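A short worksheet on the structure shown next.
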Amino acid sequence: MRVRFAPSPTGYLHVGGARTALFNWLLARKEGGTFVLRIEDTDQARNRDEHVEAILHGLSWLGLDWDEGPLYQSEGVKRHEQEAFRLLEEGKAYRDFATPESIRAEASARGVHPSSVARERAALVTEKEAASRIAAGKPYALRFRVPPGETSFTDVVHGDMRFANEDVDDLVILRSDGTPVYNLAVVSDDHAHGISHVIRGDDHLSNTPKQVLLYRALGYPEPVFGHVPLILGADGKRLSKRHGATAVGDYESQGILPDAMVNFLALLGWNPGDEREVMSRDELVEAFTPERILKKSSVFDLEKLAWLNGRHLAQRPSSTLLPGVRERLAKRKEVDAARTADDAWMESLVDLLKVRARTVDEIADQAMPYVCDTLAFDEAAVAKHWRKDPARSADYMERTAAALSATEWSAAALEEGLRGLAEEMGVGAGKLIHPLRVALTGQSASPGIFDVLTLLGSARSLARVEEAVRLVRAM
RNA sequence: GCCCCCAUCGUCUAGCGGUCGAGGAUAUCUGGUUCUCAGCCAGAAGACCGGGGUUCGAGUCCCCGUGGGGGUACCA
């Protein structure tokens with residue numbers, strides 16, 4: 001089995017393209033096949049090197065490694081051209097000296113099919129006339145002569161497809177400037193590259209009968225086709241820029257994990273047939289089967305991606321998350337670089353934060369109170385836990401600090417110390433903990449307070465409480 | 001205009017004629033657990049686009065309609 005992903009480099013790697021690539025990749029890995037990457041670069045106007053780079057980067061980030069390529073469609077133009085002329089010699093194509101505009105104009109004026117106009121005009125040109133026009137340097141295009149009848153093929157996702165050939169126009173296969181046109185080029189390339197399964201977007205479904213006809217005219221065996229549905233935005237329209245991030249790279253920068261993105265994309269229009277949702281790459285490969293690809297297009301749901309990413313984040317060893325967290329923290333000037341340098345300390349910090357974050361960006365946000373020397377206070381937290389009763393809050397914090405400084409600085413001992421104090425004072429432990437949390441983190445929500453204390457260490461913790469008491473006393 | 005594809009909770013989906021008074025996940029809302037948050041546990045609300053057939057029986061099959069999408073290039 002040989003499959004391919006053949007994007008045209010018109011921009012960044014779009015999530016829809018990424019999913020098409022993923023389905024091909026999953027199929028190849030599942031069946032022990034070969035995944036070929038081919039860049040459809042024959043549209044000179046839109047083709048840009050940086051776009052190719054972006055696509056390769058996106059695929060690499062997702063971990064969709066290709067076995068062959070990148071191949072380029074432009075490498076095959078000589079072959080495309082030869083095949084177009086072969087079809088001419090065999091009478092399966094004809095010369096068209098007319099301009100597309102004049103054919104369209106006549107067709108609409110007479111109310112007939114453009115193909116019949118093109119054929120009539122071509123029939124008017126004798127071989128001798130053609131030869132003299134060619135000698136005179138007159139340009140002509142080559143059109144494929146669509147035979148009568150109907151064309152059918154089996155689609156892995158849609159089942160049996162059947163098209164009336166009269167609805168298929170005589171398509172140009174070679175432009176008057178001598179360059180080949182897409183429909184011929186793909187057929188030629190897919191055959192040349194030995195592609196056995198063409199899995200691509202639904203937007204190619206209507207092109208497929210043309211291509212099937214070309215395969216047959218050229219005498220090439222047809223591959224198996226499979227057309228996967230498109231991805232839509234929240235309003236049900238085809239996913240585009242105005243729906244937000246559509247480039248895979250956007251999710252990379254937001255701190256979505258490649259494994260989560262792959263998991264999410266795989267579940268868009270496909271499911272394993274049981275109720276699993278959080279799946280590893282290996283599980284996806286093992287479970288993947290193209291027959292279970294849905295026919296229906298689906299909406300790209302950011303919320304579910306975020307949830308899935310949170311699940312992957314929580315499962316992931318903190319050490320592997322560290323580079324991403326550090327990279328993000330390094331961009332923030334308030335961060336004390338010395339603190340982020342300590343591997344073991346950073347790992348235990350990430351251990352505490354990853355379970356309550358949905359993206360790597362969020363981990364970085366939540367890490368701020370620990371990696372910065374000056375604390376940013378959340379006004380709502382201050383209002384709730386300090387300002388309501390400043391005198392009591394300050395008193396509680398002072399007594400808490402005194403009790404804690406008298407114990408061994410470990411989570412268990414600190415907890416015992418604090419709870420002992422609460423009992424002695426006849427108040428719930430929460431009464432002591434809430435003002436303390438604001439003092440240590442500036443926030444009303446954080447990891448467990450005893451973990452926060454041990455992570456910050458006694459010196460920093462006690463200094464923060466001392467500072468908090470000073471602030472609260474001044475209220 | 002013409003051709004083609006598609007249609008189950010807001011969203012992702014299970015369902016391949018009877019076990020569906022439609023299941024799971026997410027999101028939302030309750031309650032419980034915990035020092036807060038996240039999580040976890042328990043619960044609530046929430047869908048078969050419409051109309052005709054076929055059949056003893058239809059979310060499941062057929063037809064029409066409606067809606068959405070794609071194609072119809074000397075773009076890919």
Side-chain angles (χ1 to χ4, degrees), chain A residues 6-10 40-47 73 96 98-101 103-104 108 113-114 139-143 155 157-158 161-164 166-169 171-183 185-186 201-210 227 229-230 232 234-238 264 267-271 273-278 294-308 310-311 314 352-358 362 366 381 384-385 415 418-419 422 428-434 436-438 441 443-450 452:
Chain A
S8 51
T10 55
E40 310 271 43
D41 61 343
T42 41
D43 183 352
Q44 306 300 345
R46 295 194 291 178
N47 178 27
Q73 187 167 72
D96 179 359
T99 63
E101 297 76 37
I103 288 183
R104 264 197 299 274
S108 71
H113 213 69
Y140 60 91
L142 250 34
R143 269 185 198 275
D155 189 286
V157 350
H158 292 277
M161 301 299 311
R162 187 177 292 272
F163 290 82
E166 60 181 314
D167 292 324
V168 181
D169 292 342
L171 58 146
V172 168
I173 52 178
L174 200 68
R175 296 187 187 89
S176 51
D177 66 0
T179 59
V181 170
Y182 173 74
N183 280 303
V186 250
D202 243 354
D203 48 341
H204 287 281
L205 191 55
S206 300
N207 280 328
T208 307
K210 299 176 191 170
H227 290 91
L230 270 16
L232 272 27
D235 56 0
K237 303 286 183 199
R238 189 176 185 169
F264 176 71
L267 257 25
L268 222 48
W270 176 85
N271 69 78
D274 50 41
E275 281 172 350
R276 283 180 293 173
E277 297 216 285
V278 182
L294 258 39
K295 293 193 273 227
K296 177 191 140 186
S297 47
S298 42
V299 174
F300 192 85
D301 182 5
L302 259 30
E303 288 290 346
K304 193 136 183 182
L305 204 213
W307 166 76
L308 203 48
R311 299 301 308 261
L352 298 181
L353 300 181
K354 69 182 181 187
V355 296
R356 55 203 95 215
R358 299 190 128 190
E362 276 182 33
Q366 294 176 17
K384 187 170 180 190
H385 302 296
E415 179 158 10
L418 186 141
R419 290 192 190 282
K431 294 281 182 232
L432 266 29
I433 288 172
H434 295 308
L436 176 62
R437 170 171 288 113
V438 180
T441 67
Q443 309 292 314
S444 57
S446 80
I449 201 71
F450 306 105
V452 171

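Atoms considered below: every heavy atom in the structure, side chains included; atoms not considered: hydrogens, waters and symmetry mates. Please read these numbers as outputs of a predicted model, since none were measured by experiment. Here is the naming used below: chain letters follow the sequence lines, and residue numbers restart at 1 for every chain.
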Give one of base, sugar-phosphate or nothing for [X], where a contact means two heavy atoms less than 4.0 Å apart.
X: A:Gln73; result: sugar-phosphate
X: A:Ser444; result: base
X: A:Lys431; result: nothing
X: A:Gly269; result: sugar-phosphate
X: A:Arg276; result: nothing
X: A:Lys384; result: nothing

At less than 4.0 Å, is any side-chain N or O atom of [X] found next to OP1 or OP2 of [N]? Yes or no.
X: A:Lys304; N: B:A27; answer: no
X: A:His227; N: B:C5; answer: no
X: A:Lys354; N: B:A38; answer: no
X: A:Arg143; N: B:C74; answer: yes
X: A:Ser446; N: B:C35; answer: no
X: A:Thr42; N: B:A76; answer: yes
X: A:Arg356; N: B:U36; answer: no
X: A:Arg419; N: B:C35; answer: yes
X: A:Asn271; N: B:A14; answer: yes
X: A:Arg358; N: B:A27; answer: yes

[M] and [N], which share atom name [atom1], separated by this distance in whole Å:
N: B:G69; M: B:U11; atom1: P; result: 15 Å
N: B:G59; M: B:A22; atom1: P; result: 11 Å
N: B:C12; M: B:U72; atom1: P; result: 27 Å
N: B:U30; M: B:A45; atom1: C1'; result: 10 Å

Using whole Å, report how far [atom1] of [X] lies from [atom2] of [N].
X: A:Lys210; N: B:G70; atom1: NZ; atom2: P; answer: 16 Å
X: A:His158; N: B:C5; atom1: NE2; atom2: C1'; answer: 6 Å
X: A:Arg238; N: B:C5; atom1: CZ; atom2: P; answer: 18 Å
X: A:Asp167; N: B:C3; atom1: CG; atom2: P; answer: 6 Å

Subject >> A:Lys237 bridged to A:Asp235 by N-O distance under 4.0 Å >> reply: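 Salt bridge absent between A:Lys237 and A:Asp235.
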**OP:** Working to the nearest 0.5 Å, report the span between OG of A:Ser446 and CG of A:Leu353.
**Re:**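 Here the rounded value is 9.5 Å.
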Is it the case that the side chain of [X] and the backbone of [Y] share a donor-acceptor pair, with hydrogens and angles ignored and the cut-off at 3.5 Å?
X: A:Asn207; Y: A:Asn183; value: no
X: A:Thr441; Y: A:Gln443; value: yes
X: A:Asp301; Y: A:Glu303; value: yes

